[in-house]
**Q** 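Pasting a structure below so you can have a look.
In the text below, chain A, chain B and the rest are named by the order of the sequence lines, each starting its count at 1.
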Amino acid sequence: MRDFGIVPTEMSGTLLQWYDQHAREMPWRVPPSERLRGVAPDPYRIWLSEVMLQQTTVAAVRDYFMRFTTRWPKVTDLAAAADEDVMAEWAGLGYYARARNLLKCARVVADDHGGVFPDSYDGLIALPGIGPYTAAAIASIAFDRSETVLDGNVERVMARLHDCHEPLPGSKPVLKDYASHLTPDTRPGDYAQAVMDLGATICTPKSPACGICPWLSPCQARKSGTASELPKKTPKAPKPTRYGHIYLARSEAGDWLLERRPDKGLLGGMLCWPTSEWGDAPTDSPPFAAEWQELGAEVRHTFTHFHLILRVHTAKLPEDYHPDAPRLMVSRHQFDPKDMPTVMRKAFKICRTDKGLGL
DNA sequence: CAGTCGTGGTT
DNA sequence: TAACCAAGACT
């Protein structure tokens, strides 16, 4: 480990002082002033927020967190919820495996741990949907354990502190080692949140605000003028475009033909409209025989690793229609497109704004 | 281990 | 506008 001319204890202390003055407010966070007074965070709320925050911005999580905790105040409440209600409440947040694992985890905690979260890294990482980052985050923030969080923020801060030019993800173990040497024994939770706040507000990806950084003096990349180039990353493959068809059928009574996607794979467990397979040249394969009408507009959506273009088809759903496939269903009365993933909401919007289609 | 898995905001 | 990015986990 390289020497900064400053001992780790002083560096973590400097950052904690900065955090005491600049900590951002979040619905799940206990501010440093209250923490110092002895107020402890609710492990359920820390867990829920950390799962929601995986690859997701604080701004996007806020409202979802408030709705979840209002509807399910305790982990036992969530454990008792119906799968479809949780998936519907998660709709729009993305990475839907998180919602399925969230429910699995809540039920394990409720059924096997008496409704109490494990208070150690090892106990936490054994739970569904909790990986190395989230286990360290919950252990430090909720249980005052000196565990080291390594997320995108910490990786960036460590790469710059040490002027590390080895590209991610290969450099991850080294960066983790750097980070662990700075993790303090006191206030580990506030420290973890402080490094992430630093990365989110000052040590930002594009134009870091080095001039006001509490770690300006020990930063090696700042010294070398390479801060804005770090961390380096291995280039990623270009996104291909896939094509498909989507079928929206509604009855005179206002019921829709819907499909529950299988638990595994893309949009797993989510309520959608039926579609064809997605690929280079998909075949038009409607869910039932009818006079389907093809709309001019297409649904365009970009997922993590491909672009999708769907041709929109509409038809009238017969009043006496009964689904023949297991995962097809006719909507309940309280159906709402808000319960569907974003790509499906786009299809609905196209349908609704298209004039003269009887939908 | 490299691929899979969403979405919205920023540049 | 297209690429990049965000408190990653799972296979």
**Q** Any luck finding a side-chain donor-acceptor pair between A:Gln54 and A:Thr134 under 3.5 Å?
**A**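 There is such a pair between these side chains.
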
**Q** By nearest heavy atom, map A:Lys233 and A:Lys264 onto DNA chain C; which one lands nearer the 5' end?
**A**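 Taking each residue's closest nucleotide, the earlier one in sequence belongs to A:Lys233.
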
**Q** Please list, in 5' to 3' order, the outermost nucleotides of DNA chain B lying under 4.0 Å from any heavy atom of chain A.
**A**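 The protein-touched segment is B:dT4 to B:dT11.
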
**Q** Tell me the ring-ring contact (aromatic ring centres under 6.0 Å, His included) pairs involving residues 115-148 of chain A, sequence neighbours left out?
**A**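 Output for this query lists A:Trp47-A:Phe117.
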
**Q** Taking the same atom, P, in C:dA2 and in B:dC5, what whole-Å distance lies between them?
**A**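 Nearest-Å result for C:dA2 against B:dC5 at atom P: 23 Å.
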
**Q** Using whole Å, what does the distance between atom P of nucleotide C:dA6 and atom CE of A:Met196 come to?
**A**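 For the pair A:Met196 CE and C:dA6 P, the rounded distance is 13 Å.
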
**Q** Give one of base, sugar-phosphate or nothing for A:Met26, where a contact means two heavy atoms less than 4.0 Å apart.
**A**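 Base contact.
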
**Q** Taking the same atom, P, in B:dG6 and in C:dT1, what whole-Å distance lies between them?
**A**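 About 25 Å, rounded to a whole number of Å.
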
**Q** Base, sugar-phosphate alone, or nothing: which one does A:Gly199 contact when heavy atoms must sit under 4.0 Å apart?
**A**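 Nothing, no nucleic acid heavy atom in range.
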
**Q** Just by distance, with hydrogens left out, do A:His165 and A:Asp163 show a side-chain donor and acceptor under 3.5 Å apart?
**A**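 Their side chains do contain a donor-acceptor pair, which is all the 3.5 Å distance test asks for.
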
**Q** On a heavy-atom basis, which atom in A:Trp72 and which in A:Asp85 lie closest, and how many Å separate them?
**A**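 Shortest heavy-atom contact: CH2-O, 3.9 Å.
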
**Q** Whole angstroms only, please: what is the CD-P distance between A:Gln55 and C:dC5?
**A**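 For the pair A:Gln55 CD and C:dC5 P, the rounded distance is 12 Å.
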
**Q** Should the pair A:Arg35-A:Asp144 be classified as a salt bridge under the 4.0 Å nitrogen-to-oxygen rule?
**A**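 Yes.
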
**Q** Quick one: label A:Leu93 by what it contacts on the DNA or RNA (base, sugar-phosphate, nothing), any heavy atom closer than 4.0 Å.
**A**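 Touches a base.
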
**Q** Are a donor atom and an acceptor atom from the side chains of A:Thr148 and A:Thr183 found within less than 3.5 Å of each other?
**A**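 Yes.
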
**Q** Would you measure the distance from the P atom in B:dC1 across to the matching atom in C:dA6 and give it in whole Å?
**A**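 Roughly 23 Å separates the two P atoms.
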
**Q** With a 6.0 Å cut-off on ring centres, are A:His301 and A:Phe303 close enough?
**A**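 When the ring centroids of A:His301 and A:Phe303 are compared, they turn out to be within the sub-6.0 Å range.
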
**Q** When you compare the side chains of A:Asp284 and A:Tyr247, does any donor N or O come within less than 3.5 Å of an acceptor on the partner?
**A**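 There is such a pair between these side chains.
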
**Q** A:Arg345 near the nucleic acid: base, sugar-phosphate alone, or nothing, with a heavy-atom cut-off under 4.0 Å?
**A**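 Counting heavy atoms under 4.0 Å across all strands, no contact is made by A:Arg345.
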
**Q** Not counting sequence neighbours, which residues clear ring-ring contact (aromatic ring centres under 6.0 Å, His included) with A:Trp215? List them please.
**A**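 Partners of A:Trp215 by the ring-ring contact (aromatic ring centres under 6.0 Å, His included) criterion come out as none, since no residue qualifies.
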
**Q** Establish, for the pair A:Arg242 and A:Trp278, whether the NZ or CZ atom is under 6.0 angstrom from the six-membered ring centre and no further than 45 degrees off its axis.
**A**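 No, A:Arg242 does not sit over the ring of A:Trp278.
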
**Q** Give a yes or no on whether a salt bridge exists between A:Arg45 and A:Asp42, defined as a side-chain N under 4.0 angstrom from a carboxylate O.
**A**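 No, this pair does not count.
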
**Q** Using a heavy-atom distance cut-off of less than 4.0 Å, which residues of residues 119-130 of chain A contact DNA chain C?
**A**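 Nucleic-acid contacts, sorted: A:Pro128, A:Gly129, A:Ile130.
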
**Q** Taking any heavy-atom pair under 4.0 Å as a contact, classify A:Thr56: base, sugar-phosphate, or nothing.
**A**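 Base contact.
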
**Q** May I ask you to evaluate whether A:Gln54 reaches the phosphate of C:dG8, defined as a side-chain N or O under 4.0 Å from OP1 or OP2?
**A**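 Looking at the OP1 and OP2 atoms of C:dG8, neither is under 4.0 Å from any side-chain N or O of A:Gln54.
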
**Q** Looking at DNA chain C, which of residues 96-109 of chain A put a heavy atom within less than 4.0 Å of it?
**A**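 The answer is A:Asn101.
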
**Q** 5'-most contact on DNA chain B: A:Ala60 or A:Gly265, nearest heavy atom basis?
**A**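 The residue mapped nearer the 5' terminus is A:Gly265.
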
**Q** Does a side chain donor of either A:Thr56 or A:Arg98 reach within less than 3.5 Å of an acceptor in the other side chain?
**A**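 Yes.
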
**Q** Contact class for A:Gly268 vs. all strands (heavy atom < 4.0 Å): base, sugar-phosphate, or nothing?
**A**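 Contact class for A:Gly268: none.
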
**Q** One thing to verify: whether A:Glu298 and A:Arg300 come together as a salt bridge, which I'm taking to mean a side-chain N less than 4.0 angstrom from a carboxylate O.
**A**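 Between A:Glu298 and A:Arg300 there is a salt bridge, with a charged N closer than 4.0 Å to a carboxylate O.
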
**Q** Quick one: which of A:Phe65, A:Phe68, A:Tyr44, A:Tyr64 gives a ring pair (Phe, Tyr, Trp, His ring centres under 6.0 Å) with A:Trp28?
**A**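 Testing A:Trp28 for a ring pair (Phe, Tyr, Trp, His ring centres under 6.0 Å) against A:Phe65, A:Phe68, A:Tyr44, A:Tyr64 leaves exactly one candidate, A:Phe65.
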
**Q** Under 3.5 Å, which protein N or O atoms sit close to an N or O of nucleotides 1-4 of chain C? Give each pair with its distance.
**A**
none

**Q** Could you tell me whether A:Arg71 and A:Glu89 have a side-chain N and a carboxylate O separated by less than 4.0 Å?
**A**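 Yes, A:Arg71 and A:Glu89 are salt-bridged.
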
**Q** With heavy atoms under 4.0 Å as the rule, sort A:Thr134 into base, sugar-phosphate or nothing.
**A**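 The residue A:Thr134 makes sugar-phosphate contact but no base contact.
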
**Q** Roughly how many Å is it from NZ in A:Lys176 to P in C:dG8, rounded to a whole number?
**A**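 Spelled out: NZ on A:Lys176 to P on C:dG8 is 14 Å.
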
